[in-house]
Amino acid sequence: MKIAVTYADGNIFQHFGHTEQFKVYEAENGQVISAQIISTNGSGHGALAVLLSDLQVDTLICGGIGAGAQNALAQAGIKLYGGATGSADEAVAALLAGKLTFNPDVHCSHHDHEHGEHHCGEHHTCGCHN
């Protein structure tokens with residue numbers, strides 16, 4: 001199993017489309033056997049799904065994520081655990097133990113905002129944090 005987490009400073013980065021890094025974990029028999037940090041090289045929403053697919057990732061843990069990115073991940077066969085927060089390492093351990101807290105209905109509607117640049121995670125009015 002290959003698990004990617006949107007990543008910044010040890011934690012789950014809260015906006016999939018703006019993540020600069022993924023931490024990618026290889027797991028076998030419920031245990032992490034390796035992990036590495038991958039730069040997104042400034043890729044946008046659609047390209048991130050392709051990047052994850054190219055890395056043979058089958059599972060993504062992230063914070064907020066829009067419908068378009070969710071669709072791209074689904075088309076790539078990547079299972080989504082959105083709306084997660086906290087430590088990336090702890091989230092992966094919780095996922096492997098079957099105890100990850102996430103929001104199956106996560107949706108970041110930041111594209112509907114009209115108040116300038118939006119950084120998901122800075123406020124809780126966009127509906128992408130529960």
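The analysis underlying the following values was restricted to heavy atoms, covering all of them including side chains, and did not include hydrogens, waters or symmetry mates. Count residues from 1 along the sequence.
Under a 3.5 Å cut-off, the side chain of Lys2 and the backbone N or O of Leu55 do form a donor-acceptor pair. Judged by distance alone, the side chain of Gln36 and the main-chain N or O of Ser34 form no donor-acceptor pair under 3.5 Å. Listed for the Gln14 side chain is a donor-acceptor partner under 3.5 Å among the backbone atoms of Ala84. Side-chain N or O atoms of Thr40 include one that pairs as donor or acceptor with a backbone N or O of Thr19 at under 3.5 Å.
Taken from CD1 in Ile65 to CG in Leu60, the straight-line distance is 6.0 Å, to the nearest 0.5 Å. We find the OG1-CG distance between Thr59 and Leu100 to be 10.5 Å, quoted to the nearest 0.5 Å. Taken to the nearest 0.5 Å, the NE2 atom of His15 stands 10.0 Å off from the OG1 atom of Thr6. Atom NZ of Lys79 is separated from atom CG of Leu95 by 9.0 Å, given to the nearest 0.5 angstrom. Interatomic distance, CD1 of Ile38 versus CG of Leu51, reported as 7.5 Å (0.5 Å rounding).
The local environment of CG in Asn29 is sparse, with at most 12 non-hydrogen atoms from other residues, nucleotides or ligands closer than 6.0 Å.
Residues Ala8 and Phe13 share a closest heavy-atom pair of CB-CD1, 3.8 Å. Nearest approach of Val106 to Gly63, heavy atoms of both residues: CG2-O, 3.7 Å. Contact detail for Ala4 and Leu52: the closest heavy-atom pair is CB-CD2, 3.6 Å.
Linking ILVMFWY side-chain heavy atoms closer than 4.5 Å, directly or via other members, places Ile78 and Leu96 in two distinct hydrophobic clusters. Cluster annotation: Phe16 is not connected to Tyr81 through the hydrophobic network of ILVMFWY side chains, with a link wherever side-chain heavy atoms come within less than 4.5 Å.
For the pair Phe22/Leu48, a side-chain contact is recorded, criterion being any heavy-atom separation below 4.5 Å from C-beta on. Side chains of Val32 and Glu26 form no contact here, defined as non-hydrogen atoms less than 4.5 Å apart. The side-chain heavy atoms of Ile3 and Val57, taken from C-beta on, include no pair separated by under 4.5 Å.
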Exercise for review: Verify side chain to side chain contact (heavy atoms under 4.5 Å, CB included) between Leu80 and Cys62, making sure each step is shown before the conclusion.
Suggested key: CA-CA 8 Å; Leu80 173 64; Cys62 68; 3.6 Å; yes

Review point. So Ile61 and Phe102, side chain to side chain contact (heavy atoms under 4.5 Å, CB included) or not? Walk me through it.
Key: CA-CA 9 Å; Ile61 299 172; Phe102 69 101; over 6 Å; no

Review point. Please walk me through it: do Tyr7 and Val24 pass side chain to side chain contact (heavy atoms under 4.5 Å, CB included)?
Key: CA-CA 9 Å; Tyr7 189 77; Val24 179; over 6 Å; no

Review point. Checking side chain to side chain contact (heavy atoms under 4.5 Å, CB included) for the pair Thr101/Thr85: CA distance, chi angles, key distance, verdict?
Key: CA-CA 8 Å; Thr101 301; Thr85 60; over 6 Å; no

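Annotation: side chain to side chain donor-acceptor pair (under 3.5 Å) contacts of Asp89 (sequence neighbours excluded): Lys23, Tyr25.
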